[in-house]
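Below is one structure, written out as structure tokens; the observations come after it.
Predicted model only: the values in this text are computed from it and were never measured.
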Amino acid sequence: IYMILGIGADDAFILYDAWLQSSYAADGPSHWTGRFAWAYRRSFSAMQVTTATTCGSFLIGACSPLPQVQNFCIFAAIVVFVDWLFCETFFASAIIIHHRYIKNDQDGQCGGPGCCCGLWKLVSKRFREKRAVQLESPSQANNGDGNGNGIEKRWLERFSEGPLFDHLHKFRFAWIIFWFLLALAMVIVAGVTLRTAEETAPIGREGLDTIRGIEIMLEEFAVGDTRYASVIWGLDADEPMKEWGSSHDDDVANFNPATATAVTTPTGQMEVLNLCRATDLGKNSDALRCKTTECLVMGQATAAQCEGNENAWRQYGVYVPDDVMCNSGRYCFMEEFARYWIYHVDGAACTAASTQLTCPSGCSWDADLSVCYTDKTEHDYEGIPATDFINILGSTEYSSYLATRTEVMSNYGFDFDTYNDATMSNFRMNSAKTALALAWVGFNATYPLQNTVEEANDWYDRWDAFHSKYCPTVGGVQTSELYVFMVTQNAMVQAAIMGIGMSLLISFVVLVLVTWNWWVAGLGLLNIVAITCVFMGIIPIMGWSLGENECIFLIAVVGLSVDYTVHLLHVYHHCPHKTRVARAREALAEMGVSVINSALTTLLAAAILFGCGFYFFFQFGAFIFLVIGFSIVMSITLLIPLLTTIGPQNEQGDLPPLRKQCAKVSPESAAAPARESPQIPKE
């Protein structure tokens, strides 16, 4: 909404200033219809160009895979287009209605100076008489309003084409060198100090009690700060998600049954087991498990498996850590399957024996528990045929074993572990229970809660190397909550870079199509690039990093900074003068007042957001203020000196095949309203 205030004010000022300038653009009198036709022709193409470039820039951002960027850019493009339609229709009609039916040149009367309250009459008579003398001076006035009244150029127009232009032309080299050195310095600053965000943007400023209360609640009353990493089989490795929803429940996964089927083979079973058991190497040369970020997995650094409770294993075939403080750092459904198979399937003859005498060889008898149990351990499991593996996974016996395991773990005080085991590692069968559809294992991870994208990418590479080493053929997808932020930031940065590049290309193409002059379009592109470079250098100076908000800003920066450049270039190119200095003066004289008024309006609208407590609104206001501020200043103090120095003259830069066509529609004949009054339509 605040962004469209600036763009809407820009279009409104362009049209209204063209209407006012039409009153003194010709030497002879002109009727309001001629004035309006001239103003509308001049402003229509200017607003059309800026609307096309701004909408094009936002539509590029609409191609982003991130919903928040898509929604913002689509909304912004629609609003910009609708604003242009309203300005060309509603506001244009309002100008004529005001001129014909509301405007009154009599002081103190309704519609006149001072409106109905007559405040204008409080102004001294001497000042009004002096003003009348000025209007009668041939050097200061023209009879061009259609009513026989002298009209003087506004002070900002006189200042723009006089002292301001003279200063810019005199010191043009100094201004050009200054801005290019500043742009170069800002590029260096951005390259050295600009980094991706380490955390999501804060909710608001800490000085507000409400905002700080929300942040404290989120920080101090969080459920936990345990980090996890997972390896999943059954999803497409290249594109695991088909569609991202607003919540996890709305996400649509992109399943790939082939990777899940690979787990059911004997080789696949052993690779999953090796992946899980690799953490028992502890803090070895690969730094797999310890309690610091030096390792991947959070857990004991000792190179050994946590000792299991012998009674639980002998009586139920369930592995229960003997030491509650021992942390293996992993959750693995395949280990539970191996234990079940060793104890209940391969050791079925042992469990069937009810006395020591009937306990067969390969088994042992526990007199205290009065149970016969197998001498094998889970490490003796070597994999079984895929068909047997699927049948056991889908059997009621295995489901009963898992239920028994949960009860035993609870009796030994490991309730929380059973919850983690069920969520961090499990499997899903198809509806007929004839195939494995999905399987996953999990690990306690050591990565910090806050990471830059570079750090997150490094963690991804380390986990990917771990996964590839111990699962070389079975495949799968390794993932973590860390990657949600990493992928989002990567996509944001890529979208920002692509958005800037494509927006600059669109701006150049539109300028070429409108002016049919590559020289003018090139100078405009140069100015827009300089504005973008300066803003990118400002980002780290402001203490910002490339987060979600900043990437959206970068996508929009070209669309917002192009307007003033295009307006000035549009007048420069269609100016009837031939020399670059005269054309640049005319561009600043005709369009300077419009772009300055528009910029001031936008800056004031953005400044209101500085008082907002929510961080996004404050940051967005600063973004609008900075981009518009640099855009208006650089369009005047860089683009105008460039035009007076190396701007095209005569027909330089015109596209040869279209030069004649451009001449046919050249606005020289429409540079001012016709002197003769057209036939006045009947009321």
Side-chain angles (χ1 to χ4, degrees), residues 263-274 276-277 280 304-324 326 328 330-415 417-422 425-427 429 433-436 439 441:
V263 174
T264 65
T265 65
T267 301
Q269 298 166 34
M270 296 310 299
E271 286 191 5
V272 175
L273 276 175
N274 291 336
C276 296
R277 293 169 178 170
D280 288 334
Q305 183 183 20
C306 294
E307 292 291 336
N309 185 289
E310 292 185 359
N311 290 341
W313 170 253
R314 293 175 181 180
Q315 188 172 8
Y316 304 105
V318 173
Y319 168 79
V320 178
D322 199 36
D323 183 3
V324 70
C326 185
S328 66
R330 65 176 181 267
Y331 309 92
C332 186
F333 81 96
M334 195 62 220
E335 284 189 300
E336 293 307 321
F337 181 89
R339 292 162 184 155
Y340 171 81
W341 190 88
I342 287 292
Y343 189 90
H344 293 280
V345 179
D346 184 69
C350 300
T351 58
S354 58
T355 65
Q356 184 176 4
L357 295 176
T358 58
C359 189
S361 62
C363 306
S364 298
W365 177 262
D366 188 311
D368 294 334
L369 298 175
S370 299
V371 294
C372 181
Y373 61 93
T374 179
D375 291 335
K376 293 183 179 180
T377 68
E378 60 187 89
H379 295 283
D380 295 317
Y381 181 81
E382 297 178 351
I384 60 176
T387 303
D388 296 339
F389 182 76
I390 293 297
N391 290 336
I392 293 176
L393 284 181
S395 66
T396 56
E397 292 79 6
Y398 188 65
S399 298
S400 299
Y401 163 76
L402 294 178
T404 300
R405 177 182 179 273
T406 300
E407 183 179 354
V408 172
M409 293 286 288
S410 178
N411 292 336
Y412 279 89
F414 287 89
D415 301 80
D417 292 68
T418 58
Y419 170 79
N420 280 343
D421 289 339
S425 180
N426 216 321
F427 62 92
M429 308 286 290
K433 294 187 177 182
T434 57
L436 186 66
V441 297

Residue pair Y381 / M334, side-chain heavy-atom distance below 4.5 Å = yes

Take the angle between the ring planes of Y401 and Y340 and call it parallel below 30°, perpendicular above 60°, tilted in between.
-> tilted

Which atom names give the shortest non-hydrogen contact between V441 and C332, and what distance separates them?
-> CG1-SG, 3.9 Å

Is a side-chain N or O of Y331 found less than 3.5 angstrom from the main chain of N426, in a donor-acceptor match?
-> no

Give a yes or no answer on whether the side chain of S410 reaches the backbone of T406 with a donor-acceptor pair at less than 3.5 Å.
-> no

Scan side-chain atoms only and decide if T355 and T358 contain a donor-acceptor pair under the 3.5 Å cut-off.
-> yes

About how many Å separate CD of E378 and CG of L273, when rounded to the nearest 0.5 Å?
-> 8.0 Å

Is it true that atom OH of Y316 has more than 12 heavy atoms of other residues, nucleotides or ligands lying nearer than 6.0 Å?
-> no

What is the ring orientation for F427 with F333, classed by angle as parallel under 30°, tilted 30 to 60°, or perpendicular over 60°?
-> tilted

Side chains of F337 and Y398: closer than 4.5 Å at any heavy-atom pair?
-> yes

Contact summary for D366 and D368, nearest pair of heavy atoms = OD1-N, 2.9 Å

In terms of heavy-atom contacts, I392 and S395 come closest through O-OG, 2.7 Å

Does a side chain donor of either E336 or Y319 reach within less than 3.5 Å of an acceptor in the other side chain?
-> no

Would D280 and R330 satisfy side-chain contact (heavy atoms from CB on, under 4.5 Å), going step by step from the backbone distance to the final call?
-> CA-CA 10 Å; D280 288 334; R330 65 176 181 267; 2.8 Å; yes

Ring centers of Y343, W313 separated by less than 6.0 Å | yes

CD (Q315) and OG (S370) are apart, to the nearest 0.5 Å, by 9.5 Å

Give a yes/no on whether the SG-to-SG distance for C359 versus C372 is below 2.5 Å.
-> yes

Is there a donor-acceptor contact under 3.5 Å from the side chain of D388 to the main chain of I384?
-> no

Would you give the length of the straight line joining atom CG of L357 to atom OG of S354, rounded to the nearest 0.5 angstrom?
-> 9.5 Å

Separation between CG of D380 and CG of D346, rounded to the nearest 0.5 Å = 8.5 Å

Do you know the tightest heavy-atom contact between A353 and P360?
-> CB-CD, 4.2 Å

Check step by step if side-chain contact (heavy atoms from CB on, under 4.5 Å) holds for M409 and V320.
-> CA-CA 7 Å; M409 293 286 288; V320 178; 3.6 Å; yes

Which atom of V408 lies closest to which atom of A312, heavy atoms considered | CG1-CB, 4.4 Å

Report the distance from atom OH of Y373 to atom OG of S364, rounding to the nearest 0.5 Å.
-> 4.0 Å

Could you walk me through whether R277 and Q305 pass the side-chain contact (heavy atoms from CB on, under 4.5 Å) test, one step at a time?
-> CA-CA 8 Å; R277 293 169 178 170; Q305 183 183 20; over 6 Å; no

Under 3.5 Å, side chain of Q269 to main-chain N/O of T264, donor-acceptor pair present?
-> yes

To the nearest 0.5 Å, tell me how far T434 OG1 sits from N391 CG.
-> 9.5 Å

Close side-chain approach of R339 to V318, heavy-atom, < 4.5 Å = no

Which is it for M429 and I390 under the side-chain contact (heavy atoms from CB on, under 4.5 Å) test, yes or no, and what are the steps along the way?
-> CA-CA 9 Å; M429 308 286 290; I390 293 297; 3.8 Å; yes

